[in-house]
K.L.:
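This is the structure, below, for whatever I ask next.
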Amino acid sequence: MENKDNLAELHTLRHSCSHIMAQAVQNLYPNAKLAIGPAIENGFYYDFDIEDATLKEEDFEKIEKEMKRLVNMDLRFEKYVIPDVQAQIDEFKKAGEIYKAELLEEHKNDNPTLYLTKDKDGNVLFNDLCSGPHLENTRKIKAFKLLSVAGAYWRGSEKNKMLQRIYATAFSTKDELKEYLDMLEEAKKRDHRKLGKELDLFSVHDEIGAGLVLWHPNLALVRENIENYWREEHRRRGYVIVNTPHIAKTKLWEVSGHIDHYRENMFFVQKEDDSDEQFIIKPMNCPFHILIYQAQRRSYRDLPIRMAELGTVYRKEKSGALGGLTRVQGFTQDDSHIFCTPEQLVNEINEIIDFIQDAMSIFNMTFEVELSTRPESFVGEIENWNKAEAGLKEALEKRGMKYDINEGDGAFYGPKIDFKFKDAIGRTWQCATIQLDFNLPIRFDLKYQDKDGELKTPVMLHRVVFGSMERFHGILTEHYAGAFPSWLAPKQVAIVPIADRHAQAAEELFFELKNKGIRALLDDRSESMQYKIRDCLQNKKIPYVLVLGDKEIAENTVAVRARGRGPIGTFKFDDFVEKLEEEIKTKGKKIVE
C-alpha cells in the first residue's frame, strides 16, 4: 500500500496546483467564474463558468504555459481567515463569483478561510475560498498535466447550470508524472468499451436504456466459465445456492429499511389492476435470503448457513454517471449471505478472505483492504455498530492483514471490509466486500435456538467476491487487454491451413477439437498464412494458432504459435490437445510448451 503521509503530501500538492490552474484560467479568460476545484484520486479538477468561451483540449497548451509562468514566479500560498463574512459574500457577488458566494453563505458559521497567492513583494494576485491545506509556495509544483475537459452540473444537479470541468494531475517529480501518463495511454488501449466493439463482447442501446447491458456470445461465454467456477467453489466451501424474484412488494423494503435509506436508487412498479399495491424492482438480494432463512425453525446446529445467489438487481443512477460495463443500472451480483452465531463470526470472515485470495490468484490480481465504519445515516443501535466494527478488525488483525480505515463509508446497515483489486497496469478497482450486519436480523426478527434452549438472534454477513458481474468483466477485459486466458477465451484455438489443399485436413482437426469440447476456429479465408496468423493472435486474441501444411499432415503434427510468445514448436496433435486440456483444467497454472 502507498504510504499515508505520501498520499497526504500528494493531495496537498494537487490541491495547490488546482488553485494555480484556476488562477491561470482567469488570467486567460477574465470572464471565468470559479466553482470548486478539489484534489481527487490520481489528480484534481476545477469547474468553471465561462460564458464567452468553450474550453477544448487544444487550449491546454496555453493554460499549462500560463501555469508554468505563475509557478516560476515563486508565489506564496497564504491562509486568510475571513473577518467579515457578509462583506466577503457581497464582494464575491459584486465580482460575479456567484458560486463562491453561495458556498460561503453555506459555511459562514464554520470560520471560513480564503487562500491567497502572493508574489515576492506581497501583492495579492488571486484568492480562492478554501479550507486548505496548501503548499507554502509554488516551488514544489514541478510536474503537472491537463488531461481532459468535460461538462459538469453545478452541485451535480441537472436542474443547475452546466459548467466546464478541467481534469488534471500533478506529481512530485517529472518521472512519476511520465509513469502515470504512460499508464493512461496503456489504459486507453485496454478500455473495455473500445475492446467491447473490436472483440464483439457487449453493447448498450438507447432502445433498452442507459446502463442496461446486452452480453454478446463472446463475453457471455467468458461469463459462463466464471459462473461455473463460482458455483463449483461455493458448493465446495459449504454454500447452498438459491434463486429469488426480481420484484417484491413495497412492504418488504419498508421492513428492511431500504425505503428510508435507499429510496432515490430504487425503481418502483405500480400494478394497474390494484392502485394500492406497489412493487419495487429489487436493488438488493438480502431481504429474500432472510425470508428463506425465516421459512423454517433454526437451531445452532444449522449454523452457519451460507446462502449464495447470482442475483440480478437494479439501481437507479444518473445517466451521466453510466458507462460501459463498469457503471450500470442493472447488474448481477455474486451475492451471499451468511447467518452465524457470534462465536462463529471471526472464522466466517477469515474463510471469506481465503475465498477472495484464492479467486484473485486465478486472475493474477492482488488487493488492498479498507475497513469502512458507521455512516451518518445508519440503522440500529450504536452498541451493535461498535461490536460489528470490532469483529471485523479482530478478523483482519488475527491474520496480520494490513488495512486502512475509511471513516463513515459503511453501508447504512453495517460496517464493511472492502477489497480493492489491482490490475495488470497497477490500477485499483473496488470489487469484493464483506459487510457485517446486526441490524437486519433484528428488523426481521430472525432467531435460532441456542444450545442452552434460548432463542437468539444470528449475526448476518453480506458478501460478494467479484461484486457486479458486469463490472468485474469490464475490469477483466482491461486487465487482460482483451486477451483472455485459454480457460476463458471465447475461441481457444485457431487452425490455419497453409494452402487450399490443406483445408480438408484442417477441417477434420477442427471437428476433432470441437468434439473434445475445445472452442476452435477454422480460418480457411483466402488470405496469406501470415496475415491469418497475425489476425487470429493479435486482433482476435486467440491463445493458440495451429498451422497445417504438407509436412504436418504427413506426420500428424501441428506447428503451434502462442499468443504473446510466438512459435513454440511442432507437436503431435494429440499431445497438443492433452497439454491444452491441462492448461484449461488448471486455469493456466500449466501452459502448453
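Here the structure is a predicted model, which means the values were calculated and not measured.
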K.L.:
Does Phe288 have Lys282 sitting over its ring (NZ/CZ under 6.0 Å from centre, angle to axis within 45°)?
P.N.:
yes

K.L.:
Partners of Phe472 by ring pair (Phe, Tyr, Trp, His ring centres under 6.0 Å), sequence neighbours excluded?
P.N.:
Phe363, Phe466

K.L.:
Under 3.5 Å, is there a donor on one side chain and an acceptor on the other for Asp49 and Tyr99?
P.N.:
yes

K.L.:
Describe, in one word, how the ring planes of His462 and His337 are oriented to each other, choosing from parallel (under 30°), tilted (30 to 60°) and perpendicular (over 60°).
P.N.:
perpendicular

K.L.:
Does Tyr180 have any ring pair (Phe, Tyr, Trp, His ring centres under 6.0 Å) partners at least two apart in sequence or in another chain, and if so, which?
P.N.:
Phe171

K.L.:
Would you check if there is a donor-acceptor pair between the side chains of Glu397 and Tyr403 at a distance under 3.5 Å?
P.N.:
yes

K.L.:
Shortest non-hydrogen contact from Leu345 to Gly391?
P.N.:
CD2-CA, 4.5 Å

K.L.:
Quick one about Arg165 and Tyr167 (side-chain donor to acceptor, distance below 3.5 Å, no hydrogens or angles considered), yes or no?
P.N.:
yes

K.L.:
Would you say the side-chain atoms of Thr373 and Glu389 include a donor-acceptor pair closer than 3.5 Å?
P.N.:
no

K.L.:
Quick one about Asn27 and Gln23 (side-chain donor to acceptor, distance below 3.5 Å, no hydrogens or angles considered), yes or no?
P.N.:
no

K.L.:
How about Ile417 and Val369: do any of their side-chain heavy atoms sit closer than 4.5 Å?
P.N.:
yes

K.L.:
Give the minimum heavy-atom separation between Ala432 and Ile356, together with the two atoms involved.
P.N.:
CB-CD1, 3.7 Å

K.L.:
Measuring from atom NZ of Lys420 to atom CD of Glu370, what distance do you get when rounded to the nearest 0.5 angstrom?
P.N.:
3.5 Å

K.L.:
Just by distance, with hydrogens left out, do His479 and Thr477 show a side-chain donor and acceptor under 3.5 Å apart?
P.N.:
no

K.L.:
Under a 3.5 Å threshold, yes or no: a donor from one side chain and an acceptor from the other, between Trp429 and Asp423?
P.N.:
yes

K.L.:
Going by heavy atoms in the side chains, are Thr117 and Val124 under 4.5 Å from each other?
P.N.:
no

K.L.:
Taking the six-membered ring where the residue is Trp, are the ring centres of Phe367 and Phe419 under 6.0 Å apart?
P.N.:
yes

K.L.:
For Arg315, which residues count as a side-chain contact (heavy atoms from CB on, under 4.5 Å) partner, sequence neighbours excluded?
P.N.:
Tyr262, Pro283, Met284, Val313, Phe331, Gln333

K.L.:
Please evaluate residues Ile166 and Ile63 with respect to the criterion side-chain contact (heavy atoms from CB on, under 4.5 Å), reporting the C-alpha separation (whole Å), side-chain torsions for both, the decisive distance (0.1 Å), and the verdict.
P.N.:
CA-CA 11 Å; Ile166 297 178; Ile63 297 172; 4.1 Å; yes

K.L.:
Looking at side-chain heavy atoms only, is the closest gap between Glu105 and Val85 below 4.5 Å?
P.N.:
no

K.L.:
Step by step, work out the side-chain contact (heavy atoms from CB on, under 4.5 Å) result for Thr312 and His246.
P.N.:
CA-CA 7 Å; Thr312 302; His246 285 250; 3.7 Å; yes

K.L.:
So do the side chains of Glu264 and Lys316 get within less than 4.5 Å of each other, counting heavy atoms only?
P.N.:
no

K.L.:
Within a strict 4.5 Å, meaning less than it, do heavy atoms of the Ile82 and Leu129 side chains meet?
P.N.:
yes

K.L.:
Quick one: does NZ or CZ of Lys387 land under 6.0 Å from the six-membered ring centre of Phe438, within 45 degrees of the ring axis?
P.N.:
yes

K.L.:
Starting from the C-alpha separation in whole Å, work towards a yes-or-no answer on side-chain contact (heavy atoms from CB on, under 4.5 Å) for Val149 and Lys56.
P.N.:
CA-CA 7 Å; Val149 62; Lys56 301 181 179 66; 5.6 Å; no

K.L.:
Side chains of Lys33 and Phe48: does their closest heavy-atom pair fall under 4.5 Å?
P.N.:
no

K.L.:
Between Asn406 (side chain) and Asp409 (backbone), is there a donor-acceptor pair under 3.5 Å?
P.N.:
no

K.L.:
Heavy-atom distance under 4.5 Å between the side chains of Leu219 and Leu199, does that happen here?
P.N.:
no

K.L.:
Quick one: CD on Glu9 to CG on Leu135, what's the gap to the nearest 0.5 Å?
P.N.:
9.5 Å

K.L.:
Between Asp334 and Arg463, is a side-chain contact (heavy atoms from CB on, under 4.5 Å) present by the stated rule, with each step listed?
P.N.:
CA-CA 8 Å; Asp334 69 310; Arg463 182 242 71 185; 3.9 Å; yes

K.L.:
Looking at Phe92, I'd like to know if the NZ or CZ of Lys100 sits under 6.0 Å from its six-membered ring centre while staying within 45 degrees of the ring's axis.
P.N.:
no

K.L.:
Locate the shortest heavy-atom distance separating Thr113 from Ser131; write the atom from each residue and the value.
P.N.:
OG1-CA, 3.7 Å

K.L.:
Check this for me, if you would: do Glu136 and Arg76 make a salt bridge, where the nitrogen-to-carboxylate-oxygen distance has to be below 4.0 angstrom?
P.N.:
no

K.L.:
Would you kindly check if the NZ (Lys) or CZ (Arg) of Arg14 is within the cone defined by 45 degrees around the ring axis of Phe44 and under 6.0 Å from the six-membered ring centre?
P.N.:
no

K.L.:
Using side chain to side chain donor-acceptor pair (under 3.5 Å), reason through Glu176 and Thr173 one step at a time and then give a plain yes or no.
P.N.:
CA-CA 5 Å; Glu176 288 174 310; Thr173 67; 3.1 Å; yes

K.L.:
Any chance you could measure Ile425, atom CD1, to Asp182, atom CG, to the nearest 0.5 Å?
P.N.:
11.0 Å

K.L.:
Should the pair His19 and His15 be assigned to parallel (<30°), tilted (30 to 60°) or perpendicular (>60°) ring geometry?
P.N.:
perpendicular

K.L.:
Between CE of Met67 and CE of Met21, what distance do you get to the nearest 0.5 Å?
P.N.:
6.5 Å

K.L.:
For residues Glu57 and Ser148, report the shortest heavy-atom separation together with the two atoms involved.
P.N.:
OE2-CA, 3.9 Å

K.L.:
Under 3.5 Å, is there a donor-acceptor pair linking the side chains of Glu51 and Asn31?
P.N.:
no

K.L.:
Does Thr169 reach the side chain of Phe144, with side-chain heavy atoms less than 4.5 Å apart?
P.N.:
no

K.L.:
Show the nearest heavy-atom pair for residues Ser18 and Tyr45, with the distance to one decimal.
P.N.:
CB-O, 4.4 Å

K.L.:
Under the salt bridge (charged side-chain N to carboxylate O under 4.0 Å, His left out) test against Glu478, which residue among Lys189, Arg193, Lys194, Arg427 passes?
P.N.:
Arg427

K.L.:
What are the two closest heavy atoms between Val71 and Thr138, and how far apart are they?
P.N.:
O-OG1, 2.9 Å

K.L.:
Rounded to the nearest 0.5 Å, how far apart are CD of Gln26 and CD1 of Ile50?
P.N.:
9.0 Å

K.L.:
Going from CG on Asn265 to CD on Glu317, what distance comes out if it is rounded to the nearest 0.5 angstrom?
P.N.:
6.0 Å

